[in-house]
Amino acid sequence: MCMEITDAICSFCGSLCDDLTVKVEDNKIVDVKRACRLGASKMLGHERINSPMIRNENGILEEVSFDSAIDKASQILLHAKRPLLYGWASTSCEAQSKGVLLGEILGAVVDSTASVCHGPTTLGVQEKGLPTASLGQIKNRADLIIFWGCNPVHAHPRHMSRYSGYLPGFFLDRGRQNRKFVTVDVRMTETAAISDEFLQIEQGSDYVVLSALRALVNGKDDLVPDVVCGVSKEDLVRLSGMMRSCRFGAFFFGMGLTQSKGRYKNIDCALSLTNDLNTQTKFVITPLRGHYNVTGFGQVCSWQTGFPAVDLSRGAPYYNPGEMSANDLLMRDEVDASLIVASDPAAHFPNASVRNLAKMPLIQIDPYANATTEIADVVIPTAIVGVETEGTAYRMDGLSLRLRKLVDSDYPSDEEILDKIIKKVSRKGDVC
Ligand code: SF4
C-alpha cells in the first residue's frame, strides 16, 4: 500500500519543520519532500538497535527479551544511591514527564543535554528575562537578523529558508531583499558567507564586543577604543547603527556564546543589549536550540519540579547548575548508576566524565546504537518519536507541536518502557 502524508513534522533539530510530505510504501518511508539532508536521513531510517541487550560477564552485549532488560534496569536503579537520569532532548514531552516521575521515585538527578548546550542561556534568562518572539513573528516582521556564534546553514539547515531569511513575510513581501543579515563569529562560517556583514571577533571575546555595542547603543561612544578584540570601532558603530535603525531586529545565538569564555555572562550581556535596543526600536532574541525537543524538557521539568533540571535526592526539588548537573556529578565521581535516554553522552561528554560514567552500571534507552551503547550494561531499543510513535515537542521558540506516527513499529515507545520501569521500582505510596 502506498500513501502520502502531508504536513509531517521533522524530529531532528529545534526548527521542528512541520511542512514535510512523506511517501510511505508498505509501511516504509521511501521519500521525504522538503526536509533537509539531516531530517531526511532520520526519516528514511538508518541503523537501529535490533533487540534489548544485557552485557554478560565476558563483557559482551547479549540479546535478551524486553522483560529481562526492564527487570535488569529496574534492579540497577533500585540499588543505586546516587542515580543520574540524563538525556531527554530527542524524545517526547510525555516520555520526559515519566522521566521526572521516575527521578522523584528514585531520588535521582534528572538532567538534560541543555546542561552541555544552552544551560547557560537558562541562567542568563533567569537573571534578565527573555525578550523574544515566535519564529512566525520574526518571519513576518524582522528586517535585521543577527546570527551570533551560530551557524544555522549547518546546524539548522532550513531555519533561514523557513523563518529567518528568504521567505516573504506579511510586512516583508520581498523576503531576503527586505532583510539584512549580520553574522558575528570567530571564523568565516557558511552562514557568514551569505550574510551582508560579517564581524570576525577574537575567540572568547564575545562579552567584550557585546559590551562595546551596548556602550554605542546607549550613546557612550567615548568608552569604546579604536579596536575591540579584532573589530574596528568603525565596524561596531556601523552595526550599532543598523541595530538602532531597523524596524524589527532578531538576534539568534548559539554555542559560540554559551560554550565560550564567560558562558552565561555572555547571554546576560546579549539579553541586556536586546533590552537596551528595545528603548529605541523593536528587538528580540532567540537561542538556536539544538535537538528537536530539548526545549520541551525544560518546560516539562519546570512544570513538574519548578526547575529546568533537578536533583530530587533531598526529598524536595533542588537546582544548582555547577553542583548538580550531569558533568559536575560525573567529574566528582558521585554517580553510581545512570539511565541515559535519547542522547549520547559517551560521544559528547569530556573524557573524565565518560570514564566515570562507564565504570558504573549504565542503562541506555534509545532507537539508535551510538558511542554510549559501547559502555552500556543494559540496552533497550525504542520507537522513533515523530516516525513510529506520536508525542509532543517544543520548537526552539517555545511553540508546542504534536508529532505524528507515520509508520507502524514493533518497538515500544520511550514512554512505555519508562512506565514499566516506574511500576517495578515504585513502592507503596509512590504517586504513579
Ligand atoms: S531544518 Fe531541522 S527540523 Fe527542518 S528538516 Fe532540517 S533537521 Fe529537520
Side-chain angles (χ1 to χ4, degrees), residues 4-24 29-47 88-93 113-114 117-118 134-136 138-139 142 145 147 150-167 169 175-176 181 183 189-191 193-195 250 252-255 286-299 342-344 347-348 366-368 370 383-407:
E4 209 166 67
I5 301 169
T6 55
D7 300 328
I9 300 178
C10 173
S11 56
F12 191 98
C13 84
S15 296
L16 271 183
C17 296
D18 57 356
D19 61 343
L20 312 188
T21 298
V22 175
K23 193 168 160 195
V24 177
I29 296 177
V30 294
D31 190 28
V32 185
K33 289 197 174 69
R34 284 190 285 278
C36 69
R37 282 168 70 182
L38 300 176
S41 87
K42 179 167 184 180
M43 287 208 151
L44 290 166
H46 50 90
E47 208 178 323
W88 311 107
S90 293
T91 188
S92 67
C93 290
T113 57
C117 186
H118 271 284
S134 72
L135 293 177
I138 290 167
K139 180 202 133 202
I145 310 273
F147 295 109
C150 58
N151 187 9
V153 171
H154 253 201
H156 302 79
R158 296 185 71 221
H159 194 275
M160 293 169 99
S161 61
R162 269 178 66 76
Y163 311 112
S164 55
Y166 297 102
L167 272 189
R176 175 70 175 93
F181 292 170
T183 294
T189 62
E190 292 81 357
T191 303
I194 56 169
S195 295
F252 289 103
F253 66 95
M255 296 217 274
T286 304
L288 276 166
R289 303 301 300 267
H291 296 94
Y292 77 88
N293 200 25
V294 67
T295 306
F297 181 80
Q299 295 279 343
S343 75
D344 187 11
H348 299 113
D366 206 298
Y368 304 107
N370 53 32
I384 305 165
V385 180
V387 178
E388 298 167 340
T389 185
E390 60 180 11
T392 308
Y394 278 71
R395 206 169 63 184
M396 64 174 70
D397 58 343
L399 180 87
S400 64
L401 291 162
R402 186 77 186 158
L403 276 69
R404 289 148 69 189
K405 175 178 167 175
L406 308 175
V407 294

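In what follows, residues are counted from 1 in the order of the sequence shown. Both counts, for ligands and for their atoms, begin at 1 and track the order of listing.
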Cut-off 3.5 Å, side chains only: do T191 and N151 have a donor facing an acceptor?
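Per modelled atom types, T191 and N151 side chains form a pair under 3.5 Å.
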Without hydrogens or angle criteria, can the side chains of R395 and T295 be said to hold a donor-acceptor pair below 3.5 Å?
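No donor-acceptor contact under 3.5 Å links the two side chains.
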Would F297 and H291 count as a close aromatic pair, with their ring centres under 6.0 Å?
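When the ring centroids of F297 and H291 are compared, they turn out to be at least 6.0 Å apart.
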Nearest protein heavy atom with distance in Å, relative to [atom]:
atom: atom 6 (Fe) of ligand 1; result: C36 SG, 2.2 Å
atom: atom 8 (Fe) of ligand 1; result: C10 SG, 2.3 Å
atom: atom 1 (S) of ligand 1; result: R158 N, 3.3 Å
atom: atom 2 (Fe) of ligand 1; result: C13 SG, 2.3 Å

Flag side-chain contact, heavy atom, 4.5 Å: L20 against M43:
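The answer is yes; the side chains approach within 4.5 Å.
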Between F147 and F252, what is the ring plane arrangement, given parallel below 30°, perpendicular above 60°, and tilted in between?
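It falls in the parallel class, under 30°.
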Using a strict threshold of under 4.0 Å (side-chain N to carboxylate O), is an ion pair present between D19 and R162?
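A salt bridge is present here (some side-chain N lies under 4.0 Å from a carboxylate O).
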Using a distance threshold of 2.8 Å, state whether an N, O or S atom of C17 lies below it from atom 4 (Fe) of ligand 1.
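For C17, the answer is yes, given that an N, O or S atom comes within less than 2.8 Å of atom 4 (Fe) of ligand 1.
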Where's the contact between L16 and ligand 1, heavy-atom distance under 4.0 Å: side chain, backbone, both or neither?
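Backbone only; the side chain of L16 stays clear of ligand 1.
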At less than 4.0 angstrom from any non-hydrogen atom of G39, what atoms of ligand 1 do you find?
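Within the 4.0 Å cut-off of G39, ligand 1 contributes 7 (S), 8 (Fe).
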